[in-house]
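Chain naming here is simple, since letters A, B, ... match the order of the sequence lines and numbering starts at 1 in each.
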Protein chains: 2
Amino acid sequence: MKIGELSTLTGCSVQTIRYYEKEHLLPKTQRSEGNFRLYDDASVEHLLFIKRCRSLDLSLSEIRQLLELRYSPNAPCDEVSHMLSSHINHVRARIEELINLEDQLASLLHSCPSQGTVKKCEILKNLTATQKIMS
Amino acid sequence: MKIGELSTLTGCSVQTIRYYEKEHLLPKTQRSEGNFRLYDDASVEHLLFIKRCRSLDLSLSEIRQLLELRYSPNAPCDEVSHMLSSHINHVRARIEELINLEDQLASLLHSCPSQGTVKKCEILKNLTATQKIMS
DNA sequence: TTTAAACTCTCTAGTCACTATAGAGTCAAG
DNA sequence: CTTGACTCTATAGTGACTAGAGAGTTTAAA
Ligand SMILES: [Zn+2]
Ligand SMILES: [Zn+2]
Ligand SMILES: [Zn+2]
Ligand SMILES: [Zn+2]
């Protein structure tokens, strides 16, 4: 199949597929006489693997490592779980940050009745102050 | 004061300060005879305002709008709170996404005892499957 | 006074994971 | 034989910086 069909089958854009090839996440394929890339069912599966990993917010370099493991059947499997748990730590850390942000933003929003003019806006005053807002 | 002092006073790097000027978040300053940028206390305050907004993950274009409001003392203040509540929605949406991710990653991690070889790794099998993992 | 260090200037390129063009070539249907 | 859909490569843009080259300026010590 050609790149367009792979694209519709996987939901990855044509440019993204070519980009993954350039980044060595997809192997270079055969080409047709007219220099079109040719794919098969294994390509679909491979690309869907990548897509699933991306949907878990794994970086391309994390995915590259997972792909290497995937094609090293005798490697110890705890490398896989080690990678995933370090990634879950990235996610958890980011969640913490964002919840903290949410609190601060909510406090800011509550600090002003939002009925006057900018001149007296408590939100802007709080943003100007360097210390953290008390809730 | 010169850019280096502004940098240490605010904790923004020299390059970042120049970048903010290029992006019109900081006004163009006076220059010394030797073409060095010169700043004053108002610059410090202005830059700290930006820094505080960035620490709340506001985008530079959101900050540009806030800065405009900040220098329009008679504008209605609800524009400020409107902007902040739309931003808090960005944050909340991202938190939702990440919590969902965390769940999926945790399920994946639990799906494999991680004691065999890659060949039998349930994590990789689950990543290969296209449907979502059941927890 | 010289000279070295520390600072500043502009300009360019790199980061990440794409996305969006431009301009050219290929292929199938009508 | 032409039209249109598809594909190719190469390049530039996104956001918010960061890093570096190569040149000029200032300050302090030797
Ligand atoms: Zn990660
Ligand atoms: Zn207000
Ligand atoms: Zn926002
Ligand atoms: Zn496993």
Query raised in the report: Partners of A/Q15 by side chain to side chain contact (heavy atoms under 4.5 Å, CB included), sequence neighbours excluded?
Result: A/S13
Requested in this report: Mind checking side chain to side chain contact (heavy atoms under 4.5 Å, CB included) for B/P73 and listing every partner two or more places apart, or none if nothing turns up?
Outcome: A/K119
**Report entry** Segment of DNA chain D, first to last nucleotide, that comes within the 4.0 Å heavy-atom reach of chain B
**Finding:** D/dA16 to D/dT26
Query - Strand contacts (DNA chain D) in residues 36-46 of chain A, 4.0 angstrom heavy-atom criterion - result: A/F36, A/R37
Query raised in the report: Contacts to DNA chain D from residues 15-33 of chain A, heavy-atom cutoff under 4.0 Å, which residues?
Result: A/R18, A/R31
Do [X] and [Y] have side-chain N/O donor and acceptor atoms under 3.5 Å apart?
{"X": "A/N126", "Y": "A/S111", "answer": "yes"}
{"X": "B/E96", "Y": "B/N100", "answer": "no"}
{"X": "A/T128", "Y": "B/R70", "answer": "yes"}
{"X": "B/S86", "Y": "B/N89", "answer": "no"}

Query raised in the report: Atom CE of A/M1 and atom C1' of C/dC27: how far apart are they, to the nearest Å?
Result: 19 Å
Query raised in the report: CG of B/L6 versus C1' of C/dC7: gap in Å, rounded?
Result: 15 Å
Salt bridge (Lys or Arg N to Asp or Glu O under 4.0 Å) involving [X] - partner list, sequence neighbours excluded:
{"X": "B/E79", "answer": "none"}
{"X": "B/E97", "answer": "B/R94"}
{"X": "A/E5", "answer": "none"}
{"X": "B/K120", "answer": "none"}

**Report entry** Candidate pair A/V80 and B/C112, rule side chain to side chain contact (heavy atoms under 4.5 Å, CB included), full reasoning
**Finding:** CA-CA 10 Å; A/V80 176; B/C112 183; over 6 Å; no
Report summary line: For residues 42-92 of chain B, the ring-ring contact (aromatic ring centres under 6.0 Å, His included) pairs (sequence neighbours left out) are B/H46-B/Y71, B/H87-B/H90
**Report entry** Whichever of B/S59 and B/K2 has its nearest DNA chain D nucleotide further upstream toward 5'
**Finding:** B/S59
Report task. Take B/N35 and B/S61, find for each the nucleotide of DNA chain D with the closest heavy atom, and name the residue whose nucleotide sits nearer the 5' end. Result -> B/S61
Query raised in the report: What is the bend of the helix from C/dT1-D/dA30 to C/dG30-D/dC1 when you compare the axis at one end with the axis at the other, using five pairs each and rounding to 10°?
Result: 30°
Report task. Sort and list the pairs that fulfil side chain to side chain donor-acceptor pair (under 3.5 Å) and have at least one residue in residues 18-29 of chain B, not counting sequence neighbours. Result -> B/E21-B/R37
